[in-house]
Amino acid sequence: MSLIVQKYGGSSVADAGKMLTVARRIAKTRKAGHRVVVVVSAPGDTTDDLIAMAKNLSELPDEREMDVLLATGEQQSIALLAIALKSLGCDAVSYTGPQVGIVTDKVHTKARIVRIEGGRIRKALARGQVVVVAGFQGMTPDEDITTLGRGGSDLTAVAVAAALKADVCEFYKDVDGVFTANPGLVKNARKLPAVSYDEMLEMAASGAQVLNARSVEFAKNYGIKIHVRPTFNEKEGTIVMQETKAMEKVVISGVTYNKNEAKVTVRGVPDKPGIAANLFSRLGASGVNVDMIIQNIGEQGFSDISFTVDRSELKKAQKVVNEGVKKMGASGVLVDEGISKVSVVGVGMRSHSGVAAKMFQALAKNAINIQMISTSEIKISVVIDGKDTAKAVNAIHQAFGLGRHF
Ligand code: ASP
Ligand code: MG
């Protein structure tokens, strides 16, 4: 019989009805003879609500106390889920992160897991209990409560699976799995039976909101098999795993998009050594994460530099750039918040040529202008006008024959 770690997100424990459905599902797995550890996040919007409460009291709430506060969200979920399980006759016990020895560094609100003791989980499993562990939290070596950053429950699940050498880490979602494109945008998007860790990482980084990227990285490093599957039906979902030969035969696995970036263009920058170094050092020093960069060919000693940043960091980036404009001798700054980044991802790109050409042709045929391009070994991204997103994703999905065949 296997040891299974199951992770349920906040929306699947948002009310009593859903909580009971989840509990029934867990009880069924336990009844089938498997040992089960459940990791759960805070119900519904609880974390956002708690943050809002703190912000009513202080513009910049103390981070140690934020962790004490935010950890209560997950503590509600584990207790309620254990209550639900016991009411169904399924023996269960809930533990907070600190109680099962999830030890982190001291970086409050975005701590990293250092180790997991796990002894308490193993003992409860040996007693035949379902163990319900609070996601998103741990403690410092001094026993101060920490949290792992937004979406951090995914990471707890994978780390617990690694510590216990679980057979699989199942992520229960309100979607059926990982798709070739967002089914809300592309009508014939297809559920993928399997994707590699690297593809999942690129998809997560380029806009697919299925799994937290840090947790996929962790799973890759420890070889933890992930199964992304639906909460409210029994269908098989998508396996995230080590790359196989068969995966390389498929050119493209998916098309993703991200409308949360903005483009900043610095105009009339002197075309001489050290300018880009200066600009991006300033941005780096102020903690702004730059995604894509493009520099035009110089004209009469001047050129333009454009880059994209997450929209949440745009204000910070603008401030840094505006301060630097004079010093660099540039002529001005333009900001475009209406962009969209569309990407194709697939390990098959390593062994197939012409992928970029095919993607660009699909866009050209639809008169969609490409503003920026960037590539990695298994991804090609373009920046386009945001209003063309749906058209672009559908055209590319079609061009690579990714859809379901009716
Ligand atoms: N409750 C936390 C959050 O909303 C952690 C999680 O959901 O994974 O970010
Ligand atoms: Mg949450």
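Predicted model, so just to flag it, every value in this text is computed and none were measured. All values below come from the heavy atoms of this structure, side chains included, with hydrogens, waters and symmetry mates left out. For ligands, and for the atoms within them, numbers begin at 1 and follow the listed sequence.
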Quick check: [X] and ligand 1, any N/O pair under 3.5 Å apart?
| X | answer |
| --- | --- |
| Gly151 | yes |
| Asp154 | no |
| Lys7 | no |

Practice problem: For Arg150, counting its heavy atoms only, list the atoms of ligand 1 lying under 4.0 Å from any of them. | Solution: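 By the 4.0 Å cutoff, the relevant atoms are 3 (C), 4 (O), 9 (O).
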
Quiz item: Can you list the residues that meet the ring pair (Phe, Tyr, Trp, His ring centres under 6.0 Å) rule with Phe218, with sequence neighbours excluded?
Solution: Tyr222

Quiz item: Nearest heavy-atom pair of Thr180 and Ala189: which atoms, and what distance?
Solution: OG1-CA, 3.5 Å

Quiz: residues 276-288 side-chain donor-acceptor pairs under 3.5 angstrom, not counting sequence neighbours:
| unit_1 | atom_1 | unit_2 | atom_2 | d |
| --- | --- | --- | --- | --- |
| Asn278 | OD1 | Arg282 | NE | 2.7 |
| Ser281 | OG | Ala277 | O | 2.4 |
| Ser286 | OG | Arg282 | O | 3.3 |
| Ser286 | OG | Leu283 | O | 3.1 |

Practice problem: Would you mind telling me if ligand 1 is within reach of the side chain of Ser41, the backbone, both or neither, using heavy atoms under 4.0 Å? | Solution: side chain

Exercise. Apply salt bridge (Lys or Arg N to Asp or Glu O under 4.0 Å) to Arg311 and Glu261, showing your working.
Key: CA-CA 5 Å; Arg311 213 174 296 174; Glu261 288 189 15; over 6 Å; no

Quiz item: Gly152: heavy atom below 4.0 Å from ligand 1, yes or no?
Solution: yes

Quiz item: Given side chains that start at C-beta, do those of Val333 and Arg267 come closer than 4.5 Å, heavy atoms only?
Solution: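 Val333 does not reach Arg267 side chain to side chain.
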
